[in-house]
Engineer: 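Let me give you the structure first, and then I'll get to my questions.
Proteins get letters first, then strands, A, B, ... in listed order; numbering begins at 1 in each. Computed over heavy atoms, backbone and side chain alike; hydrogens, waters and symmetry mates excluded.
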Amino acid sequence: VRKFLILILCSALYTTAAGQSVYYPVGMPFYFSANAGEKFTNALNAAANPSLVPGINNIQAAVYAEKKYLTDINLLILTVCAPFSGNGVSLMFQRFGNSLFNENVIGLGYGKRIGSFNAGVLFQHIKVNVAGEKRASFIRAGVTSTYEIDENVFFGFTVINPQLLAKVKSAKLHAASSFSLMLGWEATADVYAGFEFRKDEAQPLSLIFTLQYRLKENLVCSLNWNTWNHQPFASLSWVQQQVTVEVGCNYHNTLGASPTVGIVYKKPAGK
Amino acid sequence: MKMVLAILIISFSWKAAAQQGNNEPEHEINTNRFEDQAEAEESESENDYDLQQLKHLIKHPLDINGSDLDQLPLIDPLHIHNLIAYRRLMGDIIDLHELQAVPGFHIDLIRSILPYITVAKQKFSIPMMHQRITEGKHSIIVRPSYIPEMPDGFRTQQFTGSRAALFLRYKYEFRNLLQFGFVADKDPGEKFVNGRIFPDFVSFHLFTRNIGAVRSFALGDYTINLGQGLIHWQSQAFRKSSSVLNIKRQSEVVRPYQSAGEYNFLRGAAATFSFRSFESTLFLSRKNLTANKDSGVITSVITSGLHRTKGELNDKNNSSLFTYGGTVKSTFKSAQISLNGVGHLYSLPLMKKDEPYNRYAISGRQWFNIGADYSYTFRNFHFFGEVAVGKSWSIAYVNGMMASLSPGVDIAAIYRRIDKQYQSVFGNAFSENTMPANESGCYTGVSIRPHIKWKIDLYADLFSFPWLKYRLDAPATGFAYLFQLTWKPSRKTELYSRLRYRLKPLNIENEEEDVSMPGIQIIQHWRTHIGHQVSRTLFIRSRVELSSFSHRLLGAPAMGYLFYTDVVYKPYQYWLSGNLRFQAFEAENYDSRIYAYENDLLFVSSTPSFYNNGVRCYMNVRAKTKVKILSNSVLQVNMKLATTVYTNISHVGSGVGAIRGNRVSAVKLQFFLAE
């Protein structure tokens, strides 16, 4: 863990000096981040952090849709996660934008459990279409990890596109590098609190906070705040047998609300 | 020999007095709240009701099995509800240690309230009126203070009074059932007696509780607190602070007023009647105002209470405000709902300066607000809120929630939406603006205790102003974050570090080009604070705080730092105690200023701001002795000596209060005599 921490620290220092002309893919840190633990992980955050894939019980598939600020800008995500014995793979497709601007992401992840340490690798192909402009595409790759420090305390980190070896020309459009540290605490079987400190290329350090609370056996609410885009996100999930339906809302101070809906299907254990 | 004997006798006398207890209320409160409040309002509150209440509770601890739990300012409604639910289920609390079993009562909270609570049954019979009048306790405070350096107002002889300030308070109290007293106050530069027999500011109050159906009755000066402060709130109330869960306004509707502030109270009569689950309060007030007038209209009301120069004296009491209102509250098992209304009638029409940001300001002679507030507790969730309308029929509402999700996780959230046309005369809601107007926002605070030694507090607040406001020439948005990590490695040591980040819209003024335009300020504060109990009598605390202020027109951020170390000598049950502070600070300008709470005289909360470069030292000494003036009375003498030396300026302050030279000092004395 100490070696990894040193690696992250060096990477973060390097990143602060990196070029300014970069490409920032659409992210949902409020949704994907800072979740860990068996009860609070699903196919959506496991697809963004493949080290979580071995932690889920069985095959899961999820769909997430968001109508950004009630305009014609939409976000759609489809994921499938398949854990095996001690490892697992994830597949993700994401589309964001409208007819004038849109980006499509196809991601593949692999995670493996090594004792109480989970490691994951992530590959994403990003394609950007801007009306009247030439299409652009990039590869994004990185490593992710989750470490169960204690029975209910989790630590993790993510390193995406570390530009340690390849020097990036400042004028060239490229996928942004991103580093994050995550700390999660399962306070009880019903409460989970997580923090993620995230540094994106040429962006200030941001803090993402997530809180999940099981109101009833089949009803979970969550609240996320982040200093990344300053948009609180709240959701309510209803669990019915293998299906979890989640409705939520992002809130922007000026642009207003962005309603979201997510559906997660969990294949029953043992089948 | 006689001298030695005399000293010994005096020493024993002081020592005996110390048996009265040595808890100082201001050590139990979260002083960070005062710093955050002073920064938000750019002024210090003179309302010391909460400090007086804590001092009262040291002598008369609250029965934890009683029904007046809301009189303890340190616990919030959710804790009260949890405690009542626990008592309903398990019976009365038998021992204070049992509080640890009550949901939400963690060890820090219990420690903080221990001096003020008891489990002893207080089976008082309802006292007769003559008992209330004859068996109570008297107390007197005399507080002179003096600034040795002469402000320009005295040099130029603009100030009509003397340089000393004087505060005088007499109070009679019979438990919490009857109190009356008066306050007299004179600020530096004011005449103690202004032409008549009365000092510059005089306040009288009579307050009694539980006389038949009359739950409380106030005559003279009092404060009124309704709902969540959208239409009327005059007691001390906090906004965003490191007490991240403290978001709900909570108080009795009527409180006696006995402080030195000269504006934020009502003068007249108020009564609360109780009938079964209903409670109704009616109040009437007429008080004089000090205002700026122009062509027969009030252009602004002056709230500083300063009447030092001829101009200020001419404006004194040149208009008046008649206030009336009432509330009806119905209480259910887990809920309550109130209907509230307040009306105001000025003696002259109010017409604020003709500026775009004043377009929706209060105008005319009359104003009123009506509304309703509620609270409801469901399981471990406590919901509360208020909706109100003003004379313009514009709507304002506040809805909040507090919950204890687990023994280690608490959350509080509040959403407010206040129309740009909405105004209130004495509003004080949980908002970014000082007054509840022209704002919408969403606040969330979370407190996490993952381990007995660790605590994380954080809040996030997102707000917007749909219309212009003072020093902001465009609608705008902003946000504020706080992250605080507290570590208590032992009972003797506490360390916390906190980061506060605010993005605040405000006009950026370029004085050279005489240009003012809407802009964004980024204000960051990073503080690390450590406190350590060295021995039973000695406590030290030290703080380092860095500040940074930046905006677009400023090339580099304006930086500031503040460092201080306190040494507190507080022997248990001893007649003498005191504390000493050494402080150094450096801040490039007012915007990068740093606030620091200071120990002061009893019942005084002091939170000055520091900018420019300099050092500050102060010393507080407290001594107690028994005296024979009143039966078993204790005389407590407090003294504060403070001085600030600036290294980069040759005069301090501005206007008539400016002091030539680079030093400002203060000498304060207080004599507190109480039975």
Engineer: Any idea which of B/Leu405, B/Thr477, B/Asn380 has the most non-hydrogen atom pairs under 4.5 angstrom with chain A?
Structural biologist: B/Leu405
Engineer: Decide if atom CD of A/Gln240 counts as having more than 12 heavy atoms of other residues, nucleotides or ligands within a radius under 6.0 Å.
Structural biologist: yes
Engineer: Side chains of A/Thr227 and B/Tyr501: closer than 4.5 Å at any heavy-atom pair?
Structural biologist: no
Engineer: With a 4.5 angstrom heavy-atom cut-off, which part of B/Leu462 approaches chain A: side chain, backbone, both or neither?
Structural biologist: both
Engineer: In Å and rounded to the nearest 0.5 Å, what is the NE2 to OG distance from A/His252 to B/Ser464?
Structural biologist: 10.5 Å
Engineer: Got a sec: does the CH2 of B/Trp467 have more than 12 other heavy atoms crowding it under 6.0 Å?
Structural biologist: yes
Engineer: Just wondering, do B/Leu458 and A/Phe195 contact through their side chains at under 4.5 Å, heavy atoms?
Structural biologist: yes
Engineer: Are there over 12 heavy-atom neighbours, none belonging to A/Leu255, within less than 6.0 Å of that residue's CG?
Structural biologist: yes
Engineer: Side chains of A/Phe209 and B/Ile456: closer than 4.5 Å at any heavy-atom pair?
Structural biologist: no
Engineer: Check whether B/Leu503 gets within reach of chain A through its side chain, its backbone, both or neither, counting any heavy atom under 4.5 Å.
Structural biologist: neither
Engineer: Just so I understand: if I count every heavy-atom pair under 4.5 Å between each of B/Ala413, B/Pro450, B/Pro466 and chain A, which residue has the most?
Structural biologist: B/Pro450
Engineer: For B/Phe479 and A/His230, take the angle between the two ring planes, folded into 0 to 90°, and tell me which bin it lands in: parallel under 30, tilted 30 to 60, perpendicular over 60.
Structural biologist: parallel
Engineer: What closest approach, in Å, do B/Gly478 and A/Asn253 show between heavy atoms, and which atom pair accounts for it?
Structural biologist: O-ND2, 3.7 Å
Engineer: Which pair of non-hydrogen atoms, one from A/Trp185 and one from B/Val409, has the smallest distance, and what is that distance?
Structural biologist: CZ3-CG2, 3.6 Å
Engineer: With side chains defined as the heavy atoms from C-beta onward, is the minimum distance between B/Thr444 and A/Leu211 less than 4.5 Å?
Structural biologist: no
Engineer: Let me confirm one number: the CG-OH distance from A/Leu207 to B/Tyr481, rounded to the nearest 0.5 Å.
Structural biologist: 9.0 Å
Engineer: Check side chain to side chain donor-acceptor pair (under 3.5 Å) between B/His106 and all other residues, then give those that pass, not counting sequence neighbours.
Structural biologist: none
Engineer: With a 4.5 angstrom heavy-atom cut-off, is it the side chain or the backbone of B/Arg449 that approaches chain A, or both, or neither?
Structural biologist: backbone
Engineer: Would you please name every residue forming a ring pair (Phe, Tyr, Trp, His ring centres under 6.0 Å) with B/Tyr443, sequence neighbours left out?
Structural biologist: B/Phe430, B/Tyr459
